[in-house]
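Accompanying notes for the structure given below.
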Amino acid sequence: MSIRLLDDATAARIAAGEVIERPASVVKELVENALDAGATRIEVEIDGGGTDLIRVVDNGTGIAVGELELAFERFATSKVDATSDLLGIATLGFRGEALPSIASVSRVEATSRAAGQDSGERLLLEFGERLEFGKTGVPAGTAVAVRGLFSNVPARKKFLRSAGAELGRIQTLVTSYALVRSDVAFRLTAAGRERLVTPGGDDLRGAVAGTYGSRVAEAMLELPEPEPFADGVTPAFSVGGLAGAPSISRGNRGFITLAVNGRWIQNRRISYAIEQAYHGFLGERRSPIAVVLVKAPLNDVDVNVHPAKTEVRFLREDLVFGEVQRAVRSLLIATTPVPAFRPTTRPHAFSGSGGSSSGGPSVVNAPRTDLEQNPLWPSRHDEGTSGPETGVHVDATDAWMAGDQVSAVTPQQTQRETLPVLRMIGQAQETYLIAEGPDGVYVIDQHAAHERVRYEEITDALNTGTADAQQLLEPEPVGLDPRQEELLSDQLELIAGMGFVVESFGPATVLIRAIPRMLADRTAAAGDAFRGLLDEVATGGRYEAWRDRMIATLACHSSVRAGMRLSEDEGRALLRSLEKAEQPHTCPHGRPTMIHMSQPDLERGFGRR
Ligand code: ADP
Ligand code: MG
């Protein structure tokens, strides 16, 4: 064969292989185009995990009459010209490859009208070939619908995961953009169901609420705007955004979102810097929720690393690492309650001084953090701030604490996640275990405590492949909708790892043959627990996130509830297991498992000293 130039269609298809790997890549390119066009509202609509339909509608600048077809030519871009410095690119796209690549592997319908022009254009392409083109009346902005993705590239299509899994990736992506671009209102719907909505208008907390829920949003702490230097110049690098209070930590790393100059990025070292900043604030194996927005001089950022463009290099990475870590660390030190157990009522409340702090509780036995010994943490960071050991307490930074009469243990801050040996005194209100240890009295929430124990058991069983299953005498049929069926087939391994043995049984039904042994004494609830697991997968997000939620769900279903009478032996057994837990102080959702009244608290409370 002699050397010849590839025809356009072939060249586009090859380029597509690099840029358009899966449905989420299409969403990424279209959303980035919308952002580059200055949109303030972006709607994403998905069907069939993106292979049936991906539609992105924006209210950006639109494409001028006569240019819509050009936009679908290779290397057509409005964003770079021959004189541009490729290092300093401020837009998200710049290669001019995305639209032709997408069009070469799907059917595309694009409509656009530039603001200020009376009519727009509509273009219909199939595998890169123009089918229809004409003028049309459409709202200002651009809409691109991509149908039948990869239908002419069966090999690529086979390589995709299930619709549910592809949707999960899309949701992760849109979540990330919604968080790093809170100036833009995002909406994602899939199969007609709304998956996330954010308000736009630079409301970052609102964006967190729209993606992770309002409980998380309330517990996010603000990274302060950097102070200008004395000469009025703001630092070249700055770090803003929101960092989660330690009370809302997660069991995996999927909740750290990074941006540089408004561009969502992935960078392991910077993520690590954030985790390091939480050192001593979170228990082992816990990871923070954070949206960290870095501003850096354009010339410090190299975006031209890979066509997919998410992994970004900094030319002075150590500097960025240090800035990010310092910003998050000092925020935590300044705002997080001291690591101490506090009395549940204010000693002099009866005298009417209610909320006054005079005579109020003081910090007792605050464990020292090991900040000072952490070589990764230069000591200057503690200057001028109150380290955890000095006892500053700021109320209501933690959502679960806000409005609470009692202040509970703030467990994530206790350094050694160990419990002393506890002597069971009894059960109160069929909900709490009362116990005493060498250092005072403990009130333990039996459900939260058991959830913690179960959570660690399940995690262990999954990691070691040792889940204990119990055969059901009578297999239980469970009805599934088509979506659940698909999720199930995708996650069979994980679910089996938890001890469920299921087999398909006619249309839309599965038979549960065995259940995790920890559910053995509540077989009636097995179906609910099982469906609960699938719901967690369906909620989407990142793999680690829903794996974690699935474990928490099973832990919840297999735990004693509030309002259950426990025998003394059962209570004691629970205490023993809790003592052995790695993080005995919190349940998997981050709520406390116990309240501790120390000996000095008691003495002070009763006016004995
Ligand atoms: P790139 O983004 O790298 O320039 P694309 O193939 O993604 O390449 O897009 C080609 C061109 O089409 C862009 O440079 C831009 O001028 C125009 N364009 C694409 N999408 C939009 C949009 N949503 N709104 C306005 N213009 C758009
Ligand atoms: Mg683009």
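All heavy atoms count here, side chains included; hydrogens, waters and symmetry mates do not. Just follow the structure's listing: the first ligand is 1, and inside any ligand the first atom is 1.
The side-chain heavy atoms of Ser238 and Val294, taken from C-beta on, include no pair separated by under 4.5 Å. Side-chain contact between Phe186 and Glu43: absent, with no pair of heavy atoms (C-beta onward) separated by less than 4.5 Å. Using a 4.5 Å heavy-atom threshold, the side chains of Glu166 and Thr51 count as separate.
For ligand 1, the atoms lying closer than 4.0 Å to a non-hydrogen atom of Ala37 are 24 (N), 25 (C). Which parts of ligand 1 touch Gly62 is read off a 4.0 Å heavy-atom cut-off, strictly below it: atoms 25 (C). Residue contact check: Ala71 has heavy atoms under 4.0 Å from atoms 10 (C), 12 (O) of ligand 1. Residue Pro100 has at least one heavy-atom neighbour below 4.0 Å for each of these atoms of ligand 1: 6 (O).
For atom 23 (N) of ligand 1, the nearest non-hydrogen atom from the set Val144, Leu68, Asp58 belongs to Asp58.
Using a 4.0 Å heavy-atom cutoff, Ala39 is absent from the residues neighbouring ligand 1. In this structure, Gly60 does not count as a contact residue of ligand 1, since none of its heavy atoms falls inside 4.0 Å of the ligand.
Here Ala98 has heavy atoms under 4.0 Å from ligand 1 in both its backbone and its side chain. At a heavy-atom cutoff of 4.0 Å, ligand 1 is contacted by the side chain of Thr142 but not by its backbone.
Checked for salt-bridge contact, Glu109 and Arg147 meet the test: a charged N lies under 4.0 Å from a carboxylate O.
Residue Glu29 has no nitrogen or oxygen atom sitting less than 3.5 Å from a nitrogen or oxygen atom of ligand 1, judged on distance alone.
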query = How far apart are the C-alpha atoms of Phe314 and Phe321, what are their side-chain angles, what is the distance that settles it, and do they pass the ring-ring contact (aromatic ring centres under 6.0 Å, His included) test?
reply = CA-CA 10 Å; Phe314 291 96; Phe321 186 96; over 10 Å; no
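Applying the salt bridge (charged side-chain N to carboxylate O under 4.0 Å, His left out) criterion to Arg55, with sequence neighbours excluded, gives Glu45.
Here the closest non-hydrogen pair linking Ala103 and Val108 is CA-CG2, 3.8 Å.
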